[in-house]
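A quick write-up on the structure given underneath.
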Amino acid sequence: MNPESMQPKSTGAGLSLLVERFPEEGEALRRLFQKSLSFQSLCDDYQECLVALQNWQQSTSEEATAWRDEYALLLLELEQEVSQYLQNPAAFITGPR
């Protein structure tokens, strides 16, 4: 059995956030989400990162600034990875076609 097929299905919340962020790419993002388990995982990572960034933006703790910077950088890296998927989607298809 393929280990990727044993992973739980993504809820799609991360996909919705990415469609909001890149509305002109909405259809391509939806297609990738349907066909690629690794892209589904990327969507989940994007959602988790965005939630963490928002939490740190509201924090008044001493370490909040450092964590905000860290999560902002990670969010940018995830958006760059999304762009790579959009530029060459066939290279990332891992699910049934």
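When reading the values below, keep in mind they use all heavy atoms of this one structure, side chains included, and skip hydrogens, waters and symmetry mates.
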* To the nearest 0.5 Å, how far apart are CG in L17 and CG in L78? -> 12.0 Å

* State whether a side-chain donor-acceptor pair under 3.5 Å links S38 with Y85. => yes

* **Donor-acceptor under 3.5 Å (Q47 side chain, A13 main chain)** => no

* Asked: Roughly how far, to the nearest 0.5 Å, is CG of L18 from CG of L50?
  -> 9.0 Å

* Closest non-hydrogen atom pair, A72 against L53 -> N-CD1, 3.9 Å

* What's the spacing between Q34 CD and R30 CZ if we round to 0.5 Å? -> 9.5 Å

* side-chain hydrogen bond (donor to acceptor under 3.5 Å, both in side chains) against S59, all qualifying residues, sequence neighbours excluded -> S61

* To do: Just jot down the side-chain hydrogen bond (donor to acceptor under 3.5 Å, both in side chains) partners of T65, sequence neighbours excluded, or say none.
  => R68

* L29 versus F39: any side-chain heavy-atom pair under 4.5 Å? -> yes

* To do: Would you please classify the geometry between the W56 ring and the W67 ring as parallel, tilted or perpendicular, with 30° and 60° separating the classes?
  => parallel

* Rounded to the nearest 0.5 Å, how far apart are SG of C49 and CG of L76? -> 10.0 Å

* Asked: Would you find more than 12 non-hydrogen atoms of other residues, nucleotides or ligands less than 6.0 Å from Y46 atom OH?
  -> yes

* **Closest heavy-atom pair and its distance - F33, G12** => CZ-CA, 3.7 Å

* **Distance (rounded to the nearest 0.5 Å) between E70 CD and L75 CG** => 12.0 Å

* **Residue pairs passing the salt bridge (Lys or Arg N to Asp or Glu O under 4.0 Å) test where at least one lies in residues 11-26, sequence neighbours excluded** => R21-E79

* Asked: Of all heavy-atom pairs between C43 and L15, which one has the smallest distance, and what is that distance?
  -> CB-N, 3.7 Å

* **Pairs where residues 45-67 contributes a residue and the test salt bridge (Lys or Arg N to Asp or Glu O under 4.0 Å) is met, not counting sequence neighbours** => none

